[in-house]
Participant: 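Dropping the structure in here first, questions after.
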Amino acid sequence: GGRVVLGIGPDRHYGLGGPFTSVREYLRAHIRSSLIALEKQQAIEEYKEKFLDRIRDFVGNHLHNIPAIVEDIPIVAMHADMGPHNIIVSSETHPEIQAVIDWEFVASAPYASLHRIIEMLFRKPASNGFGPEYEGADELREAFWATIPDWKQWDQSETTQAFLEWFRFGLFMKPEWRPKDLPKDERQDFWRENIRVVEDILKKYS
């Protein structure tokens, strides 16, 4: 009847390395990996001119500011390729899940590292990877979290909010390539979330 206690194992899906001895070590690897991806990304010169040097300085000198409270975040076993293509359901009128398949990339990691995958359940597809919310997104979120009450409690905790502040910095540090033929209003909005997340953390901790 006891609970299984997991450490943060090697990351085989995103190439972060590991295993990790702490959540802070995991977050630092995530952020450094994102910086490498940003440096390699092509056709975002306007963004790089504004942020690359500042981000490099921040990553080199300020990751010690990740708070100790993130060490309390639950570590879970995660599928890493969850989606309808890997779920087998019954053929009944009210289908039930029969199996989840394709565990090739299973790993143990902080549960909130699934943030983007979960958040995209409530957002429309978009070329920048983070589309506008569906109508009724709040109701969708409530229904989702109600099915896993332990995770809902975790999601509302100070620990998760601290973790996500730094995890989202890595997540949104590198913007997607922006098409040149976008209308002006869409062009301004395309990197809005990337810029907001990066600016917030640079101002707060630099």
Side-chain angles (χ1 to χ4, degrees), residues 6-76 78 80 105 107-120 123 126-131 154-155 157-179 187-206:
L6 298 173
I8 306 178
D11 179 274
R12 294 179 294 158
H13 194 64
Y14 297 105
L16 301 185
F20 300 97
T21 59
S22 70
V23 175
R24 280 172 286 188
E25 183 184 354
Y26 171 86
L27 281 170
R28 290 176 187 127
H30 165 66
I31 290 168
R32 290 180 179 125
S33 175
S34 298
L35 174 57
I36 292 171
L38 170 61
E39 291 171 333
K40 293 179 179 179
Q41 179 75 322
Q42 301 296 313
I44 57 167
E45 282 69 22
E46 180 183 340
Y47 180 93
K48 285 184 175 181
E49 286 176 8
K50 185 173 183 180
F51 291 107
L52 182 54
D53 287 344
R54 295 170 63 194
I55 290 173
R56 281 175 174 155
D57 176 74
F58 184 86
V59 172
N61 297 293
H62 296 282
L63 296 189
H64 64 276
N65 286 312
I66 299 174
I69 193 173
V70 301
E71 301 299 340
D72 295 331
I73 201 160
I75 310 302
V76 300
M78 58 179 61
F105 292 110
S108 53
Y111 90 96
S113 63
L114 292 169
H115 169 72
R116 184 167 193 159
I117 295 173
I118 293 173
E119 188 62 19
M120 294 315 296
R123 293 178 178 271
S127 53
N128 66 356
F130 206 76
W154 298 345
D155 193 60
S157 70
E158 182 183 355
T159 296
T160 294
Q161 299 315 305
F163 177 91
L164 285 178
E165 180 178 36
W166 290 88
F167 186 79
R168 282 170 58 84
F169 173 58
L171 197 61
F172 287 98
M173 179 192 301
K174 180 189 75 66
E176 298 300 320
W177 169 77
R178 184 175 63 185
R187 186 176 177 83
Q188 291 176 339
D189 285 343
F190 198 82
W191 292 336
R192 185 183 299 276
E193 187 70 2
N194 303 87
I195 291 171
R196 184 190 69 77
V197 171
V198 169
E199 287 279 23
D200 283 353
I201 205 162
L202 293 182
K203 289 177 181 177
K204 184 173 180 179
Y205 294 104
S206 291

Participant: Given the rule in the side chain to side chain contact (heavy atoms under 4.5 Å, CB included) test, do Tyr111 and Met78 qualify, once you have shown the distances and angles that lead to the verdict?
Facilitator: CA-CA 8 Å; Tyr111 90 96; Met78 58 179 61; 5.6 Å; no

Participant: Do side-chain atoms of Ser33 reach the backbone of Ala29 as a donor and acceptor pair under 3.5 angstrom?
Facilitator: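 No; zero donor-acceptor contacts below 3.5 Å.
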
Participant: Using every non-hydrogen atom in the two residues, find where Phe163 and Leu27 come nearest and quote the distance to one decimal.
Facilitator: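 Smallest heavy-atom distance, with atoms named: CE1-CD2, 3.6 Å.
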
Participant: State, to 0.1 Å, how close Lys48 and Leu38 come at their nearest heavy-atom pair, and which atoms those are.
Facilitator: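 Looking at all heavy atoms of both residues, the closest pair is CE-O, 3.0 Å.
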
Participant: Checking Arg32 against Leu63 for the side chain to side chain contact (heavy atoms under 4.5 Å, CB included) test, could you report, in this order, the C-alpha distance in whole Å, the side-chain angles of both residues, the deciding distance, and whether it holds?
Facilitator: CA-CA 10 Å; Arg32 290 180 179 125; Leu63 296 189; 4.1 Å; yes

Participant: Test your reading of the model: is there a side-chain donor-acceptor pair from Ser108 to the backbone of Gly7, 3.5 Å cut-off?
Facilitator: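 Between the backbone of Gly7 and the side chain of Ser108 there is a qualifying donor-acceptor contact (under 3.5 Å).
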
Participant: Could you check whether any side-chain N or O of Gln42 sits under 3.5 Å from a backbone N or O of Lys40, counting only pairs where one atom can act as donor and the other as acceptor?
Facilitator: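 Present.
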
Participant: At their closest point, which heavy atom of Gln41 faces which heavy atom of Ile44, and how far apart are they?
Facilitator: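 Looking at all heavy atoms of both residues, the shortest contact is CG-CD1, 3.4 Å.
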
Participant: Say you draw a straight line from CZ of Phe169 to NZ of Lys204; how long is it, rounded to the nearest 0.5 Å?
Facilitator: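 Nearest 0.5 Å value for the CZ-NZ distance: 13.0 Å.
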
Participant: Under the salt bridge (charged side-chain N to carboxylate O under 4.0 Å, His left out) rule, collect the residues that match up with Arg24, sequence neighbours excluded.
Facilitator: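 By the salt bridge (charged side-chain N to carboxylate O under 4.0 Å, His left out) rule, Arg24 matches Glu71.
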
Participant: Salt bridge or not between Arg56 and Glu39? Use side-chain N to carboxylate O under 4.0 Å.
Facilitator: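 Result for this pair is yes, salt bridge flagged.
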
Participant: With ring centroids as reference points, do His115 and Phe167 lie under 6.0 angstrom apart?
Facilitator: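 Centroid separation for His115 and Phe167: 6.0 Å or greater.
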
Participant: Is it the case that atom CD in Glu199 sees more than 12 heavy atoms from other parts of the structure closer than 6.0 Å?
Facilitator: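 Yes, enclosed.
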
Participant: Using 0.5 Å steps for rounding, measure from the CG atom of Leu114 to the CE atom of Met120.
Facilitator: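 Atom-to-atom, Leu114:CG and Met120:CE are 14.0 Å apart.
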
Participant: Once ring pair (Phe, Tyr, Trp, His ring centres under 6.0 Å) is applied, do any residues pair with Phe51, and if so which ones, sequence neighbours excluded?
Facilitator: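 In terms of ring pair (Phe, Tyr, Trp, His ring centres under 6.0 Å), with neighbours along the sequence ignored, Phe51 is linked to Tyr47.
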
Participant: Checking Asp57 now: which residues fulfil salt bridge (charged side-chain N to carboxylate O under 4.0 Å, His left out) with it, not counting sequence neighbours?
Facilitator: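 With neighbours one apart ignored, the set is empty.
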
Participant: On the 0 to 90° scale, with breaks at 30° and 60°, tag the Phe20-Tyr26 ring pair as parallel, tilted or perpendicular.
Facilitator: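 Answer is perpendicular, since the angle exceeds 60°.
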
Participant: Quick one: are Phe190 and Pro179 in side-chain contact, heavy atoms under 4.5 Å?
Facilitator: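 Yes. Closest side-chain heavy atoms under 4.5 Å.
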
Participant: Compare every heavy atom of Ser34 with every heavy atom of Gly170, then report the nearest pair and how far apart it is.
Facilitator: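 Taking every non-hydrogen atom into account, O-OG, 2.8 Å.
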
Participant: To the nearest 0.5 Å, tell me how far Leu164 CG sits from Arg116 CZ.
Facilitator: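 Separation between the atoms: 13.5 Å.
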
Participant: Check Glu165 against Ile201 and note the closest heavy-atom contact, atom names and distance.
Facilitator: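 Taking every non-hydrogen atom into account, O-CD1, 3.7 Å.
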
Participant: Is a donor on one side and an acceptor on the other found under 3.5 Å between the side chain of Thr159 and the backbone of Val70?
Facilitator: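 Side chain of Thr159 to backbone of Val70, a donor-acceptor pair under 3.5 Å: no, none is there.
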
Participant: Between Arg196 and Glu193, does any NZ, NE, NH1 or NH2 come within less than 4.0 Å of an OD or OE carboxylate oxygen?
Facilitator: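 Looking at Arg196 together with Glu193, the answer is yes, because their closest N to O distance falls below 4.0 Å.
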
Participant: Can you tell me how far CG of Leu52 sits from CE of Met173, rounded to the nearest 0.5 angstrom?
Facilitator: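 Interatomic distance, Met173 CE to Leu52 CG, rounded to 0.5 Å: 10.0 Å.
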
Participant: What I'd like to find out is whether the side chain of Val76 reaches to under 4.5 Å of the side chain of Trp154, using heavy atoms alone.
Facilitator: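 Yes - at least one pair of side-chain heavy atoms lies under 4.5 Å apart.
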
Participant: I need the minimum non-hydrogen distance between Gly131 and Ala126, along with the two atoms involved.
Facilitator: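 Distance-wise, the nearest heavy atoms are CA-CB, 3.4 Å.
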
Participant: Is the shortest side-chain N to carboxylate O distance from Glu46 to Lys50 below 4.0 Å?
Facilitator: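 No, no charged N to carboxylate O under 4.0 Å.
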
Participant: Out of curiosity, Ile8 CD1 to Ile75 CD1, how far, rounded to the nearest 0.5 Å?
Facilitator: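 Atom-to-atom, Ile8:CD1 and Ile75:CD1 are 4.0 Å apart.
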
Participant: Look up atom CG in Asn65 and atom CH2 in Trp166, then write down how far apart they are to the nearest 0.5 Å.
Facilitator: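 Reported to 0.5 Å precision, the distance equals 5.0 Å.
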
Participant: Under 3.5 Å, side chain of Ser113 to main-chain N/O of Ala109, donor-acceptor pair present?
Facilitator: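 Not a single qualifying donor-acceptor pair exists.
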
